[in-house]
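The block underneath contains the structure these notes are about, expressed in structure tokens.
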Amino acid sequence: MDYKYIEQLLERYWICETSLEEEEILRMFFSQKDVPASLLPYRDLFCYEQTAKKTDVLGADFDERMLAMVGESEPKKARVVSIRERLMPLFRAAAIVAIILTLGNAMQVAFEEEEQVQTVNASNYNVPQNGKSVAQTDTVKLDVSQAAATTQTPTE
């Protein structure tokens with residue numbers, strides 16, 4: 001018999017150019033009982049898949065044996081992590097940033113108040129100042145003291 005087509009398929013199989021249908025043809029050919037002696041070494045390669053399905057099956061106690069080899073009695077269950085626990089590092093970081101910004105702002109205000117204290121002299125007398133506004137000072141006390149100064153008459 002001429003097995004030239006099977007030999008061509010084998011050549012194409014070794015260089016990975018066969019299709020799935022051609023590989024199925026090779027499996028069917030090598031699953032026959034009468035295979036020529038020249039192709040007999042390749043028989044185990046193509047028949048292994050069919051015989052392995054029957055013999056290489058994991059037993060029901062496979063998991064128990066593997067766990068016994070590793071040393072664990074039972075698998076550990078996953079712990080449920082809530083959204084609050086996942087976001088806690090983010091909350092901590094936001095709190096730290098808020099504290100730093102607050103302290104920085106307080107220090108900036110303290111330094112600005114020191115810079116704004118200026119002595120009144122002739123050169124900047126009529127120049128508007130960038131100090132505290134009039135609303136921030138106690139106008140009631142100023143009015144009372146001004147009224148007292150104007151109502152007093154000099155006694156001679």
Side-chain angles (χ1 to χ4, degrees), residues 1-121 124 127-144:
M1 284 188 121
D2 189 21
Y3 297 107
K4 193 167 203 102
Y5 178 67
I6 299 297
E7 290 174 358
Q8 288 175 352
L9 282 180
L10 278 174
E11 290 293 324
R12 290 184 57 216
Y13 181 80
W14 299 130
I15 56 174
C16 304
E17 292 181 352
T18 55
S19 65
L20 294 176
E21 292 83 18
E22 292 171 337
E23 290 178 17
E24 186 62 32
I25 291 172
L26 286 172
R27 280 191 210 96
M28 295 303 285
F29 174 77
F30 284 108
S31 65
Q32 297 174 2
K33 290 184 181 182
D34 53 341
V35 176
S38 63
L39 299 176
L40 199 55
Y42 307 119
R43 183 177 193 173
D44 291 335
L45 176 68
F46 292 100
C47 293
Y48 175 75
E49 186 177 324
Q50 294 171 355
T51 59
K53 288 180 184 177
K54 297 174 187 173
T55 59
D56 292 340
V57 179
L58 295 176
D61 62 338
F62 177 76
D63 289 337
E64 294 172 12
R65 287 187 292 146
M66 288 297 119
L67 289 174
M69 288 173 63
V70 173
E72 295 181 13
S73 59
E74 62 185 47
K76 295 181 180 179
K77 299 199 178 206
R79 193 183 79 144
V80 178
V81 179
S82 68
I83 295 293
R84 181 176 179 222
E85 290 177 21
R86 282 188 178 192
L87 295 178
M88 190 58 68
L90 181 65
F91 294 152
R92 288 181 182 156
I96 290 171
V97 168
I99 290 170
I100 290 172
L101 290 176
T102 303
L103 291 175
N105 192 18
M107 290 180 66
Q108 182 179 7
V109 168
F111 286 126
E112 284 180 0
E113 287 179 2
E114 287 178 7
E115 291 174 4
Q116 289 179 359
V117 174
Q118 296 177 355
T119 59
V120 178
N121 58 26
N124 62 1
V127 179
Q129 301 294 321
N130 292 331
K132 291 185 177 181
S133 69
V134 177
Q136 290 180 345
T137 59
D138 192 4
T139 57
V140 176
K141 290 182 182 178
L142 290 177
D143 291 341
V144 171

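The figures that follow rest on heavy atoms only: side chains count, while hydrogens, waters and symmetry mates do not.
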Seminar exercise, completed: Rounding to 0.5 Å, atoms CD1 (Ile25) and OH (Tyr5) come to a distance of 4.0 Å
Exercise. Could you state the interatomic distance from CG (Leu9) to CD (Glu22), rounded to the nearest 0.5 Å?
Worked result: 5.5 Å
Exercise. Is Arg12 reaching over with its side chain to a backbone N or O of Glu17, donor-acceptor style, under 3.5 angstrom?
Worked result: yes
Exercise. Sub-3.5 Å donor-acceptor pair from the side chain of Arg43 to the main-chain atoms of Phe30, do we have one?
Worked result: yes
Table please: side-chain donor-acceptor pairs of residues 87-105 below 3.5 Å, with sequence neighbours left out.
residue : atom : partner : partner atom : Å
Thr102  : OG1  : Ala98   : O            : 2.8

Exercise. For the residue pair Tyr13 and Tyr42, is the inter-centroid distance of their aromatic rings smaller than 6.0 Å?
Worked result: no
Exercise. Does the side chain of Tyr3 reach to within under 4.5 Å of the side chain of Leu10, using non-hydrogen atoms?
Worked result: no
Exercise. Shortest non-hydrogen contact from Gln32 to Val35?
Worked result: O-CG2, 3.6 Å
Problem set entry | salt_bridge(Lys4, Glu7) N-O dist < 4.0 Å | no
Problem set entry | Point-to-point distance, once rounded to the nearest 0.5 Å, from CD of Glu21 to CG of Leu26 | 12.0 Å
